[in-house]
Asker: 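If you scroll down you'll find the structure; I have some questions about it.
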Amino acid sequence: MSRPDNDTYFMRMADLVATRSTCLRRQVGAVIMKEKRVLTTGYNGAPKGLKHCAEVGCIRIQNNIESGTRHELCRGVHAEQNAVIQAAYFGASIKDASIYTTNFPCVMCAKILVNAGIIEVIYKDDYVDPLSKDIMNESKVIVRRYEP
């Protein structure tokens with residue numbers, strides 16, 4: 001049995017977390033870790049206690065909203081946002097932590113990650129959001145693509 005390296009280990013966790021997503025368009029998972037330990041996880045979906053998009057429909061699909069635009073027109077909370085929220089909810093500091101995410105963060109998530117003190121973003125799949133890439137490039141956050 002071969003032991004996965006840390007990047008593979010944490011990205012596989014992010015993939016597993018994404019399976020909990022209730023989004024109809026894209027299943028995203030995120031894992032925030034520090035010192036080789038998981039602090040929080042998050043997946044995209046409706047806020048707790050609210051109906052999932054599978055029950056009420058997706059406003060983005062209904063209105064043909066292009067991917068990477070009009071993020072405010074969505075019932076869902078993004079995976080990265082949920083991971084940061086969980087840290088705040090349970091009192092876990094994510095300052096100087098890293099996040100593994102199945103997709104490159106959108107601009108809203110990029111700003112949140114920068115302000116939350118995340119120092120590294122490791123992502124698997126690209127996402128069309130040029131402003132997000134600009135924000136990440138201008139920040140001191142290390143961004144790298146996971147290459148298995």
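Keep in mind it's a predicted model, so treat the numbers as computed, not measured.
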Asker: Apart from Ile85 itself, what residues make up its hydrophobic cluster when side-chain heavy atoms of I, L, V, M, F, W and Y under 4.5 Å apart count as a link, directly or indirectly?
Answerer: Val77

Asker: With ILVMFWY side chains joined below 4.5 Å, transitively, what does Leu24's cluster contain besides itself?
Answerer: Ile61

Asker: Would you say that more than 12 heavy atoms from the other residues, nucleotides or ligands in this model lie under 6.0 Å from the CD of Glu55, or not?
Answerer: yes

Asker: Using the side chain to side chain contact (heavy atoms under 4.5 Å, CB included) definition, which of the options Ile99, Ile32, Val38 pairs with Phe10?
Answerer: Val38

Asker: Below 30° counts as parallel, above 60° as perpendicular, anything between as tilted: where do the rings of Tyr127 and His71 land?
Answerer: tilted

Asker: So Met136 and Val114, do their side chains get closer than 4.5 Å, heavy atoms only?
Answerer: yes

Asker: Side-chain atoms of residues 42-50: list all donor-acceptor pairs with protein atoms under 3.5 Å, sequence neighbours left out, distances to 0.1 Å.
Answerer:
residue : atom : partner : partner atom : Å
Asn44   : OD1  : Ser21   : OG           : 2.8
Asn44   : OD1  : Val28   : N            : 2.9
Asn44   : ND2  : Arg26   : O            : 2.6

Asker: Applying side chain to side chain contact (heavy atoms under 4.5 Å, CB included) between Tyr9 and each of Met13, Arg12, Met11, report the one that passes.
Answerer: Met13

Asker: Heavy-atom distance under 4.5 Å between the side chains of Arg75 and Val56, does that happen here?
Answerer: yes

Asker: Under 3.5 Å, side-chain donor or acceptor atoms of residues 141-148 against the rest of the protein: list the pairs with distances, not counting sequence neighbours.
Answerer:
residue : atom : partner : partner atom : Å
Arg144  : NE   : Glu120  : OE2          : 2.7
Arg144  : NH1  : Asp7    : OD2          : 2.7
Arg144  : NH2  : Asp7    : OD1          : 3.0
Arg144  : NH2  : Asp7    : OD2          : 3.4
Arg144  : NH2  : Glu120  : OE2          : 3.4
Arg145  : NE   : Lys124  : O            : 3.0
Arg145  : NH2  : Lys124  : O            : 3.2
Tyr146  : OH   : Thr8    : OG1          : 3.0

Asker: Just jot down the salt bridge (charged side-chain N to carboxylate O under 4.0 Å, His left out) partners of Glu72, sequence neighbours excluded, or say none.
Answerer: Arg70

Asker: Restricting to non-hydrogen atoms, name the atom on Leu39 and the atom on Ile94 that form the minimum distance, rounded to 0.1 Å.
Answerer: CD1-CG2, 4.1 Å

Asker: Can you list everything that forms a salt bridge (charged side-chain N to carboxylate O under 4.0 Å, His left out) with Asp126? Sequence neighbours excluded, please.
Answerer: Lys133

